[in-house]
Engineer: 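Dropping the structure in here first, questions after.
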Amino acid sequence: MPELPEVETIRTELAGMLVGRTVRSAKIGRADIVGFPSARKLELDVRGRRVVAVRRTGKYLVLQLSGNRELIFHLRLSGHLELGNGRTVPRFERARFVLSGGKTMSFIEPRALGRVYLVRAGKHPRCLAGMARMGLEPIAREFTSEYLAGKLADRKASIKSLLLDQRVCCGVGNIYSDEALFRAGISPTRPAGKLAQPEVRRLGRALRSVLRAGIRWCGTTLEDRRYRRPAGAQGEFQKHLKVVGREGQRCSCGGTIERIKFGNRSSYFCPRCQH
DNA sequence: CTTGTGTCCTGTAGGC
DNA sequence: TGCCTACAGGACACAA
């Protein structure tokens with residue numbers, strides 16, 4: 001569930017707290033959340049490394065460490081990172097990093113689908129292959145309507161499913177894709193290749209603006225999900241959602257928001273605003 | 001290559 | 001009260 005705006009919010013907050021500190025120790029509480037190399041190897045190899053920078057690429061959070069290492073997190077659906085002082089053990093803590101100065105960073109993941117990886121900088125194992133194949137972020141300068149049009153051309157799959165494909169535009173997930181399609185006035189079920197040029201332009205602009213707004217409001221915290229900022233605060237963008245979570249409610253146009261299923265995921269839209 | 005489907009994972013909500 | 005099932009969904013494996 002953490003999408004680009006949530007991970008970017010986490011990145012900013014972590015950077016202020018972590019950069020310059022050294023990882024004193026790491027404890028993996030549950031081995032299968034380590035995607036690479038292994039729980040034991042990660043614990044041993046991360047020790048003593050200094051956090052040089054905190055970066056983000058798509059939904060991946062990258063802690064750049066001294067000695068040419070990257071500690072990479074993917075929070076998937078329910079993962080989050082929490083800063084603490086070492087006095088308490090949060091519920092669902094799967095990994096803990098103790099830093100110089102007594103701070104701790106807990107990797108909390110109730111569903112255990114999120115992953116942490118420790119790799120040589122730039123050298124990604126097979127389990128991180130998706131990272132190398134990611135498309136441009138909609139907030140990148142190079143993300144033009146020509147770029148988006150090229151990705152959608154001749155594709156028969158629905159625009160909704162392609163927006164979720166990280167090779168098309170990375171960082172977008174279920175919430176922000178629905179909100180962008182609403183703002184662009186495009187139905188999620190439309191075959192991507194059938195979008196007209198002005199629609200693609202509108203969609204590109206909508207993606208950009210909705211992600212920027214998500215960042216500005218520090219992400220989306222929905223009632224039934226667990227996104228929290230590392231210091232514990234909630235996001236605020238849920239107050240600005242137009243369709244997500246509003247099934248059966250009135251759209252500002254007077255129509256009723258609907259929810260449809262795409263395989264395993266749901267998509268919210270207004271059939272009167274979106275065509 | 002493209003597209004659709006199943007799988008992972010487990011707390012929570014809702015039904016009976 | 002308590003058990004059971006469905007659901008949430010990002011990424012990837014896999015089938016057609």
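Letters A, B, ... mirror the listed sequences (proteins, then strands); counts begin at 1.
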Engineer: Taking atom CZ as the centre, does A:Arg55 end up with more than 12 heavy-atom neighbours from other residues, nucleotides or ligands that are less than 6.0 angstrom away?
Structural biologist: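 Result for CZ/A:Arg55: enclosed.
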Engineer: Expressed in angstrom and rounded to an integer, what is the separation of A:Leu4 atom CG from C:dA11 atom C1'?
Structural biologist: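 Taking CG of A:Leu4 and C1' of C:dA11, I get 17 Å after rounding.
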Engineer: Can you pull out every salt bridge (Lys or Arg N to Asp or Glu O under 4.0 Å) where at least one residue sits in residues 134-155 of chain A? Sequence neighbours excluded, please.
Structural biologist: A:Arg56-A:Glu137
Engineer: Just so I know, are the side chains of A:Leu14 and A:Val19 near enough to count as touching, which here means a heavy-atom distance under 4.5 Å?
Structural biologist: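 No. Closest side-chain heavy atoms not under 4.5 Å.
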Engineer: For A:Glu109 and C:dG9, give me the distance from atom CD to atom P, rounded to whole Å.
Structural biologist: 14 Å
Engineer: Who are the side-chain hydrogen bond (donor to acceptor under 3.5 Å, both in side chains) partners of A:Arg24, not counting sequence neighbours?
Structural biologist: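 If we apply the side-chain hydrogen bond (donor to acceptor under 3.5 Å, both in side chains) test to A:Arg24, skipping adjacent residues, there are no hits.
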Engineer: Whole angstroms only, please: what is the CG-P distance between A:Asp165 and C:dA11?
Structural biologist: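 The answer, rounded to whole Å, is 9 Å.
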Engineer: Enumerate the protein-to-nucleotides 4-6 of chain C contacts in which both atoms are nitrogen or oxygen and the separation is below 3.5 Å.
Structural biologist:
none

Engineer: From C-beta outward on A:Tyr60, which listed nucleotide comes closest to its side chain: C:dG9, C:dC7, C:dC12?
Structural biologist: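 Of C:dG9, C:dC7, C:dC12, C:dC12 is nearest to the side chain of A:Tyr60.
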Engineer: A:Glu179: what forms a side-chain hydrogen bond (donor to acceptor under 3.5 Å, both in side chains) with it, not counting sequence neighbours?
Structural biologist: A:Arg183
Engineer: Not counting sequence neighbours, list each pair that qualifies as a side chain to side chain donor-acceptor pair (under 3.5 Å) and has a residue in residues 197-215 of chain A.
Structural biologist: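 Sorted pair list: A:Arg190-A:Glu199.
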Engineer: In plain terms, say whether A:Asp178 and A:Lys242 are close enough for a salt bridge, that is, a side-chain N and a carboxylate O under 4.0 Å apart.
Structural biologist: no
Engineer: Rounded to whole angstrom units, what separation is found between the CG atom of A:Leu163 and the P atom of C:dG10?
Structural biologist: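 Atom CG in A:Leu163 sits about 12 Å away from atom P in C:dG10.
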Engineer: Step through the shown structure and confirm whether more than 12 heavy atoms of other residues, nucleotides or ligands are within 6.0 Å of CZ on A:Arg120.
Structural biologist: no
Engineer: Check side-chain hydrogen bond (donor to acceptor under 3.5 Å, both in side chains) between A:Arg246 and all other residues, then give those that pass, not counting sequence neighbours.
Structural biologist: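 Testing A:Arg246 for side-chain hydrogen bond (donor to acceptor under 3.5 Å, both in side chains), a comparison that skips the adjacent residues, returns A:Gln249.
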Engineer: Report which part of the nucleic acid A:Ser78 touches: base, sugar-phosphate, or nothing (heavy-atom distance under 4.0 Å, all strands).
Structural biologist: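 The residue A:Ser78 makes no contact with any strand.
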Engineer: Might you list the N or O atoms of the protein lying below 3.5 Å from N or O atoms in nucleotides 5-9 of chain B, with each pair's distance?
Structural biologist:
from  : atom 1 : to       : atom 2 : distance (Å)
B:dT7 : O4     : A:Asn264 : ND2    : 3.3
B:dC9 : O3'    : A:Arg30  : NH2    : 3.3

Engineer: Quick one: pull up OG in A:Ser177 and CG in A:Leu203 and give me the separation to the nearest 0.5 Å.
Structural biologist: 10.0 Å
Engineer: Tabulated below should be each protein N or O lying under 3.5 Å from an N or O of nucleotides 13-16 of chain C; please produce it.
Structural biologist:
none

Engineer: Enumerate the salt bridge (Lys or Arg N to Asp or Glu O under 4.0 Å) contacts for residues 79-107 of chain A, please, sequence neighbours excluded, ordered by first and then second residue.
Structural biologist: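 Sorted pair list: A:Glu93-A:Arg96.
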Engineer: Ring centroids only, cut at 6.0 angstrom: are A:Phe92 and A:Phe107 within range, meaning strictly under it?
Structural biologist: no
Engineer: Enumerate all atom pairs, one protein N or O and one N or O from nucleotides 1-3 of chain B, separated by less than 3.5 Å.
Structural biologist:
from  : atom 1 : to       : atom 2 : distance (Å)
B:dT3 : OP1    : A:Lys156 : N      : 2.4
B:dT3 : OP1    : A:Ala157 : N      : 3.3
B:dT3 : OP2    : A:Arg155 : NE     : 2.3
B:dT3 : OP2    : A:Arg155 : NH2    : 2.6

Engineer: Go through the steps for A:Tyr227 and A:Ser78 under the test side-chain hydrogen bond (donor to acceptor under 3.5 Å, both in side chains), then give the verdict.
Structural biologist: CA-CA 7 Å; A:Tyr227 163 67; A:Ser78 57; over 6 Å; no
Engineer: At under 4.0 Å between heavy atoms, what does A:Gln166 touch on the DNA or RNA strands: base, sugar-phosphate, or nothing?
Structural biologist: sugar-phosphate
Engineer: Taking only residues two or more places apart in sequence or in another chain, which ones pass side-chain hydrogen bond (donor to acceptor under 3.5 Å, both in side chains) with A:Arg69?
Structural biologist: A:Asp45
Engineer: Compute the angle between the rotation axes at the two ends of the helix from B:dT2-C:dA16 to B:dC16-C:dG2, each taken over five pairs, rounded to 10 degrees.
Structural biologist: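 About 50° separates the two local helix axes.
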